[in-house]
Amino acid sequence: MIKVGDTLPGVTLSEYSEVEGNGCSLGPNPVDVQKAAAGKTLAIFAVPGAFTPTCSAKHVPSYLENADALKAAGVDEIWCLSVNDPFVMGAWARDQKSGGTIRMLADGDAAFAKATGLTLDLNGKGLGLRSNRYSMLVKDGKVATLNVEAPGKYEVSDGATLLAQAKG
């Protein structure tokens, strides 16, 4: 499993864009994790699935509520990762009204989750291989803090916890 001090994996995620601009075309666009993280401080959190109850009611809202404070604490971007396709992540971004605040990044084939060792096997529940719930503060591509939730829990990966760590 990835740990503090490790470099983010060299994988490509996808991001759905509803408007053209900044080198992004309409629709899904590739996001090279290492290039996108270079020289930035990132607040990254991952969820088991878009539109799921805890993820929609608590996890994403906690980062929306703390977005301004995270930026004031030196965070350049907030990323939400989920093992979903970019179209679902784009629809979830619209539903959560997170556009321009949180980058909703699709880990469609769980490449990031597998590379970090942060997978959650939900095959018996009809959901397949997903990402565990966690948060991390990343500085210039290296993990500075990591908060991994126990299965079925939501206690340490919220926006307020990561904000306290970003300030510390």
Spacing of [X] atom [atom1] and [Y] atom [atom2] [to the nearest 0.5 Å]:
X	Y	atom1	atom2	value
N29	S14	CG	OG	8.5 Å
T54	K153	OG1	NZ	11.5 Å
I44	L8	CD1	CG	5.0 Å
K142	L137	NZ	CG	14.5 Å
S135	L163	OG	CG	11.5 Å
I102	M89	CD1	CE	9.5 Å

message: Hydrogens and angles aside, do N147 and S157 bring a side-chain donor and acceptor to less than 3.5 Å of each other?
response: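 No, because no side-chain N or O of N147 sits under 3.5 Å from a partner of the opposite role on S157.
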
Single-linkage hydrophobic cluster, 4.5 Å side-chain cutoff, [X] and [Y] together:
X	Y	answer
L81	M136	yes
L162	L105	no
Y134	V33	yes
L122	M1	no
F87	V31	no

- Is it true that atom NZ of K97 has more than 12 heavy atoms of other residues, nucleotides or ligands lying nearer than 6.0 Å?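 No - once you tally the heavy atoms of other residues, nucleotides and ligands closer than 6.0 Å, there are 12 at most.
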
Can you confirm whether K139 is buried at NZ, in the sense that more than 12 heavy atoms of other residues, nucleotides or ligands lie under 6.0 Å from that atom?
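No - once you tally the heavy atoms of other residues, nucleotides and ligands closer than 6.0 Å, there are 12 at most.
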
Can you name the closest pair of heavy atoms from [X] and [Y] and give their distance?
X	Y	answer
D32	K35	OD1-N, 3.0 Å
P48	C55	CD-SG, 3.7 Å
T101	K71	O-NZ, 4.5 Å
V75	L42	CG1-C, 4.3 Å
A106	D85	CB-C, 3.6 Å
T12	P30	CG2-CB, 3.7 Å

Taking side-chain contact (heavy atoms from CB on, under 4.5 Å) as the definition, give me every residue that meets it alongside D158, ordered by chain and number, with sequence neighbours left out.
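Partners of D158 under the side-chain contact (heavy atoms from CB on, under 4.5 Å) test: S62, Y154, A160, T161.
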
Query - Sidechain-backbone polar pair: D107 side chain, A113 backbone, donor-acceptor under 3.5 Å - result: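 Yes, the answer is positive, given that a donor and an acceptor are paired below the 3.5 Å cut-off.
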
Would you check if [X] and [Y] make a side-chain contact, meaning some heavy-atom pair closer than 4.5 Å?
X	Y	answer
E149	V156	yes
F45	I78	yes
R133	L120	no
W92	N84	no

Set out, in order, the CA-CA distance, both residues' side-chain angles and the distance that settles side-chain contact (heavy atoms from CB on, under 4.5 Å) for L146 and D6, then state yes or no. CA-CA 11 Å; L146 177 62; D6 287 352; over 6 Å; no

Discussion item. Name the residue from V83, L13, T119 that meets the side-chain contact (heavy atoms from CB on, under 4.5 Å) definition with F112.
Written reply: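 Going through V83, L13, T119 one by one, the side-chain contact (heavy atoms from CB on, under 4.5 Å) with F112 is satisfied by L13 alone.
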
Let me see the working for K114 and V11 under side-chain contact (heavy atoms from CB on, under 4.5 Å), right down to the final yes or no.
CA-CA 10 Å; K114 290 175 190 173; V11 299; over 6 Å; no

